[in-house]
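Excluded from the calculations below are hydrogen atoms, water molecules and symmetry mates; all remaining heavy atoms, backbone and side chain alike, are included. All figures in this text were calculated on a predicted structure; none of them were measured in a lab. Chain identifiers are assigned alphabetically (A, B, ...) following the order of the sequence lines, protein sequences preceding nucleic acid strands; residue numbering begins at 1 within each chain.
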Amino acid sequence: MDASFEPKIIALVCNWCTYTAADLAGTSRLKYPANVRLVRLMCTGMIDVKYVIKAFLEGADGVFIGGCHPGDCHYINGNLKARKRIRSVGSILENFGFDPGRLTLQWIGASEGPEFARHMTEFVDTIKKLGPNPIKTRMIL
Amino acid sequence: MNREIPRIGVYVCHCGMNIAPQVDVEQVAGFAGRLEHVVVARDYKFMCSNPGQELIEDDIKAHNLNRVVVASCSPRMHEATFRKACQKAGLSPYNFQMANIREQASWVTADSGRATAKAKDLVAAAVRRVAFHHPLQTRQVEVNKSVLVIGGGIAGIQAAISAADAGYKVYLVEREPSIGGHMAKFDKTFPTLDCAACIMTPKTVIAGQHENIELLTYCEVVGLEGFVGNYKARILKKPRYVDEDKCTGCGTCMEKCPTRKIPSGFEENLTFRPAIYSPFPQAVPKTPVIDADNCRLLAKNKRCGVCAKFCEADAIDFNQEPRHLEITVGAVIVATGFSAFDPSPMVQYGYGLYPEVYTSLQFERLNNATGPTAGRILMKDGRVPRKVAIIHCVGSRDKNHLPYCSRVCCMYSLKFSHLVREKTGAEVWSFYIDMRSPGKLYEEFYNRVQAEGVHLVRGKVAMVTDIVDQPGSGNLTVVAENTLTGRNLRLPVDMVILSVGLQPARGAEEVARMTGISTDGDGWFTELHAKLAPVNTPTAGIFLAGCCQGPKDIPDTVAQAMAAAGQATALLAKGTVETQAEISSIDPDTCSGCRSCLEVCPYNAIYFDEGRRVAVVNDALCQGCGSCAATCPSSAAAVAQFNDRQVMAEIDAILA
Amino acid sequence: MIYGFFPGCAYQAAAGYKESVDSLCNLLGIELREIEDWNCCGATAAFSCDRHKALALTGRLFALAARQGFDEIVTVCNACYSTLKKAAKLLGSDPGLLENVNRSLKAESLELSAPVPVKHLLEVMFRDREKLSWPEGPCRLPKDIKVATYYGCQLTRPWQNVPRALRPDLMEQLFTVAGLETVDHSARTLCCGASHAVAYPGQCRVLVSRIVNEIKAKGGTLVATICPLCQFNLDQGQHGSYRAKLPVAYFTQVLGLALGLPPAELGLKKLLVPLKNIPAG
Amino acid sequence: MIGKGYCVQADLEKKLQAEILGREPGNSILTCIQCGTCSGSCPLADAMDAGPRALFALIRDGQVEQALRSNTSWYCVSCYQCMVQCPQQIPITDIMYLLKQLSLEQGLVPRDNKMPDLYAAFERQVNLFGKVSEALLMADYGIKHPLDVMANAAAAVKLLAKGRLHLVPRKIEAPRRLQAMIDAAGQKEHAR
Ligand SMILES: Cc1cc2nc3c(=O)[nH]c(=O)nc-3n(C[C@H](O)[C@H](O)[C@H](O)COP(=O)(O)OP(=O)(O)OC[C@H]3O[C@@H](n4cnc5c(N)ncnc54)[C@H](O)[C@@H]3O)c2cc1C
Ligand SMILES: Cc1cc2nc3c(=O)[nH]c(=O)nc-3n(C[C@H](O)[C@H](O)[C@H](O)COP(=O)(O)OP(=O)(O)OC[C@H]3O[C@@H](n4cnc5c(N)ncnc54)[C@H](O)[C@@H]3O)c2cc1C
Ligand code: SF4
Ligand code: SF4
Ligand code: SF4
Ligand code: SF4
Ligand code: SF4
Ligand code: SF4
Ligand code: SF4
Ligand code: SF4
């Protein structure tokens, strides 16, 4: 594993829960690795499979999807639809040669600032272990 | 589609010292200036200040900007501010995007170099995205001029009266048979020792008689849908088995009911009530209810009907069924209050084991002129206590139970100390960790109680036990360290009062789920902003009042209730609300008519136009969740401001 | 039922504990199989001086129990219980500590992958009460003997898996199965200070007398204990000023009497404060 | 209470303070709200020169020498009462163990406290035999504290009469191997 590897991670998060949790992590001055870039969406239910695939093809080392806990979705059940959709992406990713561990979906509620920071830290760790997006190395070759 | 060439202005905020030292804002602005389509890029100390906003407005005019990016705090904080600034300068507020470099970079990144690099990425993403923004249209929809208040404690009552006085129709829903909440149980209130009934009864009576207030007691809200200005609530009306219109409130039924041994919840189980009851004599409304779980006729199928026989008004109706009502309102005020911590799990304090250990609410009843002892502070054997201990922070400030300070218990403990001294002359020992009395005339009240000779011991009680060291000295022993002397006390007393903490009302989670309010880690409802929007919630049109948002005393509760009513009536007074612009639309030329979107829409906002064989979005119902867009195999459905090109642009820029 | 039994050092010399445990288990159909070549758990002393040494001692025990095929260690002493529970928690949650222990266990050619769960005999008897072969018939303990339970401090404290930790009622419930009623009192888990019995008996005297007086005040005439240290301290600690001393027995002795086992088989003669008025046999 | 504090070795105290407050379990002392539940619930508090609460105040105050010289940790009988009730969930009893170890290391054990001798005697028994026999433990401890043993003599006679004192040590099979094991484990706590 390359110790200097600093992954780039795209986080697609819903406005009501996980984005709010990220704000709370900020207001609470919790520190987490700087590798994550948040993309704010209104609901995880609007995450199109193509966003995820595109992110990987463009070289993202990991994609994190964060939504409200089941039952808490601002739009009733967008999070559950997202879960169903995201489950199906796993096999597609494998076909493209990506470790499915590079994609994760987590529920982080609006009040869970510490949870947010913990998830970010853990996911960055996971991705560091998996190493850079194979596309990038292929491109270099 | 919009074909104009983007001219973007980028503004990087220092936020005083909150962003600037950690993120090199000058470098970020410099970087932004070199991005495609960026015409001006600046950094400034406080973007949200007036000069900061003017900077944007001036630049829009001077440089003919058609897009604006502000890199500062969370859009949840200031998006509205900057959108307004754009609008003032004649730019569509939707041609704006924010990059959150405070909550997401400066505050959370240990290394300043990395924070700066991250900020640059976020700015680049916003710039690339905003190029694809274009003006959106909104509509004005009418606001329904009525308010739903959930919870009839002092918070709900006050909010209802304030809104009703402003001329709006109010539905006040209370799940108990009568309104009043906790305050109805008190006799005196700190710090002025006002008689609670004297200040509260007029309010409950007004609420009961106000032409604009419809009291819905013994009712629960079971469903809420819609959006600001147009909420539909489903309300369950539990059967009272007494016809409210016929009942005169004479009370004969309660006197005659042969089922008498039911612990009275209102009296904190200190005494009993009949199966047909009204919680307390001044209850509003006066109409009693039959407790169907305990009534001989209803629960046990025995012959009884004594109440009906004696009711001259012929008001008893054993055939009542639960009913559902539907009401439409423009705004909702949530005022569900609190419940008191149950000290039984703290076995060390002996509640439930030793008869002379009381909770504070029990003591309120003991001290109340209408309570089980007619206001005399007596032990269960009828004797007057000679020595009373009061224990602060029971459940509160304790990670094993409620980690927070419940804020009112120091003060009500002082109130109890005073009342016990005044009424019985007993010695009072009050055990506290810290004395919290920050309020107008509160410290003075503390000093007064001190001067009355109350023993105030700094130390949390370790144990209450019925092991008495010297027979005859009392029936309980309180064990604690006096932390100021460092000595342990084993104090014999006759009576112990547990100043229990406040926790969210039973069922608060359901209310939260129904109304879409979030709760904090302790279960209290979260306000939109702790300082600047304390009665608002993230959902427009839903407001908070009283203890449901966190422990507070009556003055703060009432102030917040009035504030919530003010916010709600301001909304109604405006008459219309702007519809959301971020909703879905379906391009009829691309739609293949597969109907997948119809299935996923949680609001049934899509209908199928059989003539054109395409799906169509009803923009009054669409909430913009994007389920349709993510599902549509033809990419015909898209949510404005979150369309594929905008989201992909953001991802592209981050990974570039 | 077979239990991996850890008697602990104080067991053998304890006043009839062994005798009563043996006969009671025999009666109820419990098989206690002693962990072979067990060592002292180290108690408070070891943890006070060196945590690693203390963990090595308990580690050896866990490793022996595991190797001998026990999936549960059963103790009869609060101090052993608390020491082993604490060690199990540390070793179960900190891989570094476990590694350390394994390094030293090499000297004994032992290995430990995870600590073995620990239970007090009272807990397992309570848990398995429905599977035991209780003899028929009424309670044989004379009606004028009023039993009060005493749990001591360590069984219920930080491990919190005993319900109502500060006022447990496991023993009460178990006794009810044998038709034995107990008196209610508030000293069930007050600390008696047993580990100071030798060096600071004066301090113990205050604590013991508070417990004994409370039990007497609530009408108890016989104390049922679950730990050799508690039993010894309460039994021999009732000095001087007591007009009538309170007999202190083990729960196994009390239960044995209630179920009709002959006193001789319960080692009751070894109590310092004698238990009178029991049927001879 | 302990008398007025004095600092002989300010540097050492600072170092010890950092060591206690720097990691588990001592770091949780920083969150103590000085409520006194611990001292109030401690059965031995009357004998202690400072209850757990006051001890923690001393440590936070930098008066670490005084804290290590205090008899508090030695009088602690590990009843865990304080720990289960502490509203800040501070592992007080575990901290008492840590303080005992530190005071042994620093040679600050209160001179008149007998518990270290008892613990040492106990340790010797374990090292020699792997099991502890009361009579031998008493005999060993009695070398330093004959009076205590004499005071207990009456009880001992009674025990002997009841067949409860065993004068021959009980042993595990191979005490030497156990000894080696203990030695291997006996690296000092904070060398970790
Ligand atoms: C022992 C004690 C003494 C106190 N003494 C004083 C004092 O002297 N002075 C002072 O200023 N403050 C005092 N307080 C604080 C005071 O009680 C609160 O400030 C006040 O009661 C808060 O009012 P509220 O309306 O927010 O909540 P509550 O009084 O709890 O009222 C909430 C109401 O909502 C109803 N409700 C809950 N959930 C639902 C639902 N889902 N649907 C419909 N209805 C629902 C409840 O039945 C209740 O009627 C004291 C508190 C305690 C515990
Ligand atoms: C050192 C300090 C730190 C604080 N920190 C915090 C904190 O971190 N968090 C927090 O929540 N609160 C904090 N506070 C409290 C906070 O400052 C107040 O809650 C808040 O400022 C009150 O706002 P206000 O508008 O009522 O009063 P002010 O801020 O005093 O505003 C009153 C305004 O009225 C003007 N004025 C006065 N008389 C007249 C007149 N006759 N005619 C016209 N204008 C007049 C004054 O010039 C002033 O501009 C702090 C207070 C202090 C002293
Ligand atoms: S715009 Fe946001 S980041 Fe900038 S000064 Fe205002 S609050 Fe701070
Ligand atoms: S139900 Fe009838 S008897 Fe009862 S209070 Fe009403 S009117 Fe009176
Ligand atoms: S039917 Fe009988 S028991 Fe039921 S409320 Fe009426 S009087 Fe009471
Ligand atoms: S207000 Fe006082 S009694 Fe209540 S939790 Fe806070 S400090 Fe404790
Ligand atoms: S975005 Fe689509 S799925 Fe969501 S509410 Fe609107 S029409 Fe329905
Ligand atoms: S899913 Fe797409 S293609 Fe299918 S009906 Fe809906 S809008 Fe048309
Ligand atoms: S109980 Fe806990 S918080 Fe309270 S003084 Fe003791 S250690 Fe500190
Ligand atoms: S564990 Fe120690 S300090 Fe805590 S209460 Fe028991 S004897 Fe006192």
Side-chain angles (χ1 to χ4, degrees), chain A residues 6 8-10 12 15-17 19-20 22-52 54-55 57-60 63 68 71-78 81-82 85 109-114 116-117 120 133, chain B residues 73-77 98 100 102-111 113-118 121-122 125 129 225 509 512-513 516 518-522 526 530 538-539 582 584 600 602-603 623-632 635 639 641-642 644 647-648 650-656:
Chain A
E6 284 299 343
K8 219 169 213 191
I9 290 166
I10 299 273
L12 304 168
N15 177 56
W16 306 98
C17 292
Y19 194 89
T20 314
D23 276 359
L24 186 58
T27 4
S28 319
R29 311 297 200 269
L30 303 175
K31 300 287 179 275
Y32 57 87
N35 310 62
V36 192
R37 308 282 180 267
L38 263 63
V39 174
R40 180 170 75 120
L41 297 165
M42 294 315 284
C43 177
T44 46
M46 63 167 56
I47 297 175
D48 200 320
V49 173
K50 59 183 180 264
Y51 300 164
V52 177
K54 172 165 173 100
L57 292 178
E58 302 255 321
V63 173
C68 311
D72 291 351
C73 175
H74 191 76
Y75 305 99
I76 302 174
N77 54 14
K81 287 178 229 157
R85 216 174 293 135
S111 59
E112 298 178 337
F116 178 82
M120 291 306 121
N133 180 331
Chain B
C73 47
S74 169
R76 295 171 55 87
M77 176 105 186
M98 236 170 138
N100 181 353
R102 189 177 75 174
E103 278 83 346
Q104 284 176 25
S106 77
W107 277 349
V108 293
T109 312
D111 178 82
R114 292 213 168 149
T116 304
K118 184 172 180 182
D121 274 7
L122 295 175
R129 183 192 216 278
E225 51 189 57
E509 315 87 33
R513 192 160 23 249
S518 51
T519 54
D520 64 21
D522 301 317
T526 322
T539 313
E582 293 92 340
S584 176
V600 294
Y603 301 99
Q623 302 289 305
C625 72
S627 293
C628 52
T631 307
C632 176
S635 297
V639 174
Q641 208 72 347
F642 290 93
D644 288 353
V647 176
M648 302 264 225
E650 212 173 328
I651 296 175
D652 266 351
I654 291 171
L655 295 172

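Without hydrogens or angle criteria, A:Lys50 side chain to B:Met648 main chain gives no donor-acceptor distance under 3.5 Å. With hydrogens and angles ignored, the 3.5 Å screen pairs no side-chain donor or acceptor of B:Lys118 with any backbone N or O of A:Asn35.
Partners of A:Ala82 by side-chain contact (heavy atoms from CB on, under 4.5 Å), not counting sequence neighbours, listed by chain and number: A:Thr44. Here B:Glu103 pairs with nothing under the salt bridge (Lys or Arg N to Asp or Glu O under 4.0 Å) rule; sequence neighbours left out.
B:Ser74 contributes atom OG, which lies 11.0 Å from atom CG of A:Leu24 (distance to the nearest 0.5 angstrom). Considering CE of A:Met46 and OG1 of B:Thr631, their distance stands at 11.5 Å, rounded to 0.5 Å. Here the straight-line distance linking atom CD1 of B:Ile651 with atom CD1 of A:Ile10 works out to 5.5 Å at 0.5 Å rounding. Distance check, rounded to the nearest 0.5 Å: CG of B:Leu655 to CG of A:Asn133 gives 9.0 Å.
Both the backbone and the side chain of A:Ala55 come within less than 4.5 Å of a heavy atom in chain B. For B:Ala110, the parts lying near chain A are the backbone and the side chain together; criterion is any non-hydrogen pair under 4.5 Å. Using a 4.5 Å cut-off between heavy atoms, A:Asp23 contacts chain B through both its backbone and its side chain. At a 4.5 Å heavy-atom cutoff, the contact between A:Lys31 and chain B is made by backbone and side-chain atoms alike. Contacts between B:Ser584 and chain A at a heavy-atom distance below 4.5 Å are absent for every atom of the residue. B:Ser518 touches chain A through its side chain: at least one heavy atom from C-beta onward sits under 4.5 Å away, while N, CA, C and O do not. Proximity to chain B is limited to the backbone of A:Ile47, based on heavy atoms less than 4.5 angstrom apart.
Most heavy-atom pairs under 4.5 Å with chain A, from the set B:Glu582, B:Gln104, B:Arg129: that is B:Gln104. With chain A as the partner, the residue from B:Thr526, B:Thr519, B:Asp652 showing the most heavy-atom pairs under 4.5 Å is B:Asp652. When B:Asp644, B:Asn100, B:Val600 are compared by the number of non-hydrogen pairs under 4.5 Å with chain A, B:Asp644 comes out ahead. The greatest number of non-hydrogen atom pairs below 4.5 Å with chain B, out of A:Gly109, A:Cys17, A:Ser111, is found for A:Ser111.
Of the charged side-chain nitrogens involved, none lies within less than 4.0 Å of a carboxylate oxygen, so that B:Glu650 and A:Arg37 do not count as a salt-bridged pair.
Between B:Thr109 and A:Tyr32, every side-chain heavy-atom pair lies at or beyond the 4.5 Å cut-off. Looking at B:Gln623 and A:Met42, their side chains never come closer than 4.5 Å, going by heavy atoms from C-beta outward. In this structure, B:Arg76 and A:Thr20 have side chains that are in contact, with non-hydrogen atoms separated by less than 4.5 Å. By the 4.5 Å heavy-atom criterion applied to side chains, A:Pro33 and B:Arg114 are not counted as neighbours.
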Exercise for review: Kindly indicate, with the supporting measurements, whether the criterion side-chain contact (heavy atoms from CB on, under 4.5 Å) is fulfilled by B:Ile654 and A:Glu58.
Suggested key: CA-CA 10 Å; B:Ile654 291 171; A:Glu58 302 255 321; over 6 Å; no
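The minimum heavy-atom distance linking A:Tyr75 with B:Cys625 is given by the pair CG-CB, 3.3 Å.
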